[in-house]
Amino acid sequence: MTADLLPGRWRVLATTFPMWLSGRRLRPIFTYELLSDAPLTLRDVVGYQTRSGATKTITGIDRFDAGTGVFTWRGAASSAC
């Protein structure tokens, strides 16, 4: 079940996503926590380093829509750790 597989820490090994290609955000780590099975809802915290070495995070909630097969993300602003 997807709810059992996604929680935990994930690294980006390769990407074409512009946010991670610009060089402004380095070494992203994604951490997912299960909030609900129905509908599948996860809290996500994305940590990364800036070029100056500061650690930043982006926090959000991912909800899965079984009808479309797509997660919708809603988040909060970045913050220093």
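From a predicted model like this one, the values you see are computed outputs, not experimental measurements.
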Where do Leu40 and Leu34 come nearest, in terms of heavy atoms and distance?
CD1-CD1, 3.6 Å

For Gly47 and Thr57 the tightest heavy-atom approach is CA-CG2, 4.2 Å

Please list, chain by chain and in numerical order, all residues satisfying side chain to side chain donor-acceptor pair (under 3.5 Å) with [X], sequence neighbours excluded.
{"X": "Trp73", "result": "Asp44"}
{"X": "Ser36", "result": "none"}
{"X": "Asp62", "result": "none"}

All salt bridge (Lys or Arg N to Asp or Glu O under 4.0 Å) counterparts of Arg27, not counting sequence neighbours
none

Can you pull the side-chain hydrogen bond (donor to acceptor under 3.5 Å, both in side chains) pairs that have at least one residue in residues 6-18, sequence neighbours excluded?
none

Can you measure from CD (Gln49) to CZ (Arg25) and round to the nearest 0.5 angstrom?
14.0 Å

Could you check Phe71 against Leu6 for side chain to side chain contact (heavy atoms under 4.5 Å, CB included), going step by step and ending with a plain yes or no?
CA-CA 12 Å; Phe71 277 96; Leu6 291 177; 3.9 Å; yes

Is Arg63 atom CZ crowded by more than 12 heavy atoms from other residues, nucleotides or ligands, each under 6.0 Å away?
no

Other cluster members, Leu35 - Ile/Leu/Val/Met/Phe/Trp/Tyr, side-chain contacts below 4.5 Å:
Ile61

Set out, in order, the CA-CA distance, both residues' side-chain angles and the distance that settles side chain to side chain contact (heavy atoms under 4.5 Å, CB included) for Ile29 and Val45, then state yes or no.
CA-CA 8 Å; Ile29 298 286; Val45 178; over 6 Å; no

Can you hop from Phe30 to Phe17 via hydrophobic side chains spaced under 4.5 Å?
yes

Trace of the side chain to side chain contact (heavy atoms under 4.5 Å, CB included) decision for Met19 with Val46:
CA-CA 12 Å; Met19 180 175 184; Val46 181; 5.9 Å; no

